Number of protein chains: 2
Amino acid sequence: MKIATFNVNSLRKRLPLVLDWLEQHRPDVLCLQETKVQDEDFPSLALAPSGYHLTFRGMKAYNGVAVLTRQPPDQVSYGLDDGGEPDEARLIRITYQGIPIINTYIPQGYLIDSPKYQYKLEWFTRLRRYFDKHLSPKMPAIWCGDMNVAPRPIDVHSPEKHLQHVCYHEAARKAYAETVAWGFADVFLKLYPDRQQYTFWDYRQPSSLEANKGWRIDHILATMPLAEKVTEVAVDLEPRRAKDPSDHTFLWAEFAI
Amino acid sequence: MKIATFNVNSLRKRLPLVLDWLEQHRPDVLCLQETKVQDEDFPSLALAPSGYHLTFRGMKAYNGVAVLTRQPPDQVSYGLDDGGEPDEARLIRITYQGIPIINTYIPQGYLIDSPKYQYKLEWFTRLRRYFDKHLSPKMPAIWCGDMNVAPRPIDVHSPEKHLQHVCYHEAARKAYAETVAWGFADVFLKLYPDRQQYTFWDYRQPSSLEANKGWRIDHILATMPLAEKVTEVAVDLEPRRAKDPSDHTFLWAEFAI
DNA sequence: GAAGATGCAG
DNA sequence: CTGCATCTTC
């Protein structure tokens, strides 16, 4: 089974890119973040030629997640369900051929001294409780998406410059690590423990792509029974180099199931 | 001598169209309206390959006029000069090979009961005085541009519906007619007194182009000595049908001089 | 730097 | 419907 994740930064602007990638790679599941489209305006018609089943939850200008699957999902649910802000446009859970797949767009956090950063940190603890409620570390499950955290120094260019950045700050990495520690393994790390490979290059940083000044903040994780079966993981640079790119690119993983 | 006029509705957005048209038609003079670009940002570099000389006056988001000439103009001046608002981004006068050419973007007028409509009506009377000051009806001269007036019922689709429209309202037609009566002749009317031929189709009116629901509000006029020498007048529909069109299209006239 | 929202204008 | 400006977010 092939699973991919991609922060599209507006699905409507990235339709040609997404359709093209689906056709070329035919993943079983593609998780999208930052679709930036309300459900009423979701481009179902434009995506129809792909043949993928569409599961989505969005809002007016920001956030928005979607999961595209070759077959219809068995089950679908949106957002956190602990009684707090559900943030439906940031989390979709489906069950696909018996396997729970959680697609998240973790809050970015703005600045470390802002309420948004507190909200981000809480989001990770809420998510860990969400895993407790809906999954078991002993059963196959996948968690993927834009985590807005570079877990290790190697996962960001010039880490020493980014100690106060909300995507590398100690507390964010700790919050992410503790949620991972619930029972997930990063499948990229599993296959390539020493490789530097980014998934995001800021539009603002001039020539960030050519100079490869990026971040690895998009991740695919699996519980042990599934992580053991990972056969291939890759970042596809081509869509980031294409015309009218997202600032992120595709990450995908293949599992022997 | 071949003279053309075109309301571009943003010159920067219409650069490919304009360059293409210049290459195909090679007019001696092309008058543009609604360039929507400040002089600092005028796309001189992009237009350089055309070889045309560039005369322009614009402002931030609205209005803006330009005259492109095969040879450098003899003389150039901008705006009305009666001590009132000069509205430089609405009028350019050049002398080209001895012939005065006035390119105007007449105020649209918003609604007939608005101050903007009063301003439009005054603009015509000010323009007539401007002609008095700078031209003679007995000498060759050209006045062209977007006049925002459909002079006759045949010049607008469903005229009976547009009696209260600022581009067809009685007072606007009268103001325009009185300025024309200073000493100009509409060269399109001279050659085709009975022909219905629009130059503008509203973006808003759905399928205005397919249904040919348009307006003839762009005009080329000449004083008698020149009007007598007109050999050809045409509206080119192709640019309006092209991809990313302006809501107006090109009108051109050929004079035997 | 890129995207969407809003407001203004034609 | 299209274009520009301003604002906000990442």
Side-chain angles (χ1 to χ4, degrees), chain A residues 7-15 17 33-38 41 58-64 89-90 105-111 114-117 119-120 146-149 165-167 200-210 213-215 217-218 240 242-248, chain B residues 7-15 17 33-38 41 58-64 89-90 105-111 114 116-117 119-120 146-149 165-167 199-210 213-215 217-218 240 242-248:
Chain A
N7 178 318
V8 279
N9 187 18
S10 170
L11 176 54
R12 283 173 295 186
K13 287 268 170 178
R14 234 59 71 195
L15 276 169
L17 211 61
Q33 305 86 38
E34 284 206 89
T35 55
K36 292 187 177 177
V37 60
Q38 318 176 66
D41 302 327
M59 55 186 289
K60 192 171 263 227
Y62 305 114
N63 311 327
R90 289 189 182 274
Y105 174 50
I106 305 285
Q108 194 254 7
Y110 186 40
L111 291 171
S114 71
K116 289 184 179 182
Y117 188 58
Y119 187 70
K120 175 183 192 167
D146 178 353
M147 310 304 180
N148 271 313
V149 171
H165 190 291
V166 290
C167 295
F200 162 79
W201 298 261
D202 202 319
Y203 287 133
R204 286 165 288 186
Q205 181 113 18
S207 70
S208 67
L209 190 61
E210 302 73 49
K213 294 186 174 176
W215 299 68
I217 58 179
D218 302 279
R240 184 62 181 83
K243 185 165 124 64
D244 294 329
S246 168
D247 41 4
H248 295 246
Chain B
N7 177 317
V8 279
N9 187 17
S10 169
L11 177 53
R12 284 173 295 185
K13 286 268 170 178
R14 235 59 70 195
L15 276 169
L17 211 61
Q33 307 85 36
E34 282 205 89
T35 56
K36 293 188 178 177
V37 61
Q38 318 176 65
D41 302 328
M59 55 186 289
K60 194 171 261 226
Y62 306 113
N63 311 328
R90 291 189 181 274
Y105 174 50
I106 305 283
Q108 193 257 5
Y110 185 41
L111 291 172
S114 71
K116 289 185 180 183
Y117 187 59
Y119 186 71
K120 174 182 192 167
D146 178 353
M147 311 303 181
N148 271 315
V149 172
H165 191 290
V166 289
C167 295
T199 62
F200 161 79
W201 298 261
D202 202 318
Y203 288 133
R204 285 165 289 187
Q205 182 114 16
S207 70
S208 67
L209 189 61
E210 302 73 51
K213 295 188 172 175
W215 297 68
I217 58 179
D218 302 280
R240 184 63 180 83
K243 185 167 125 62
D244 294 330
S246 167
D247 41 4
H248 295 246

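Quick caveat: nothing in here was measured; it's all calculated off a predicted structure. Throughout, protein chains are lettered first and strands after them, A, B, ... in sequence-line order, and every chain is numbered starting at 1.
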Inset, instruction - Measure across B/Ser208 and B/Arg240 and return the closest heavy-atom pair with its distance rounded to 0.1 Å. - result: OG-NH2, 4.3 Å
Legend entry - Test applied, side chain to side chain contact (heavy atoms under 4.5 Å, CB included); reference residue, A/Phe200; option that passes from A/Asp247, A/Asp146, A/Asn148: A/Asp247
Inset, instruction - Under 4.0 Å from any heavy atom of chain B: name the first and the last nucleotide of DNA chain D that qualifies, 5' to 3'. - result: D/dC1 to D/dT6
Inset, instruction - Identify, between A/Asp202 and A/Thr35, the residue whose nearest nucleotide on DNA chain C lies closer to the 5' end. - result: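 The residue whose closest nucleotide sits nearer the 5' end is A/Asp202.
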Legend entry - First encountered from the 5' end of DNA chain C, between B/Tyr62 and A/Ala61: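 Upstream on the strand: A/Ala61.
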Inset, instruction - Kindly state whether the ring of A/Trp215 and the ring of A/His165 have centres lying under 6.0 angstrom apart. - result: yes
Legend entry - Within 6.0 angstrom of A/Tyr110 OH, more than 12 heavy atoms from elsewhere: no
Legend entry - Evaluation steps, side-chain contact (heavy atoms from CB on, under 4.5 Å), between A/Lys120 and A/Val149: CA-CA 10 Å; A/Lys120 175 183 192 167; A/Val149 171; 4.2 Å; yes
Legend entry - Side chain proximity check, B/Val8 to B/Lys36, heavy atoms < 4.5 angstrom: no
Inset, instruction - Give a yes/no answer on whether the side chain of A/Ser10 brings an N or O atom under 4.0 Å of OP1 or OP2 in C/dG4. - result: yes
Nearest whole Å is fine: how far is [N] [atom2] from [X] [atom1]?
X: A/Glu34; N: C/dG4; atom1: CD; atom2: P; value: 11 Å
X: B/Met59; N: C/dA9; atom1: CE; atom2: P; value: 11 Å
X: B/Arg90; N: C/dG10; atom1: CZ; atom2: P; value: 7 Å
X: B/Asn7; N: C/dG10; atom1: CG; atom2: P; value: 11 Å
X: B/Lys36; N: C/dG10; atom1: NZ; atom2: P; value: 9 Å
X: B/Asp146; N: C/dA9; atom1: CG; atom2: C1'; value: 14 Å
X: B/Trp201; N: C/dG10; atom1: CH2; atom2: P; value: 20 Å
X: B/Asp247; N: C/dA9; atom1: CG; atom2: C1'; value: 11 Å

Inset, instruction - Would you indicate what A/Tyr105 reaches in the nucleic acid, counting non-hydrogen atoms under 4.0 angstrom: base, sugar-phosphate, or nothing? - result: sugar-phosphate
Inset, instruction - Would you tell me whether B/Glu34 and B/Asn9 have side-chain atoms, one donor and one acceptor, within less than 3.5 Å of each other? - result: no
Legend entry - Side chain of A/Arg14 - closest among C/dG1, C/dG4, C/dA2: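 That would be C/dA2.
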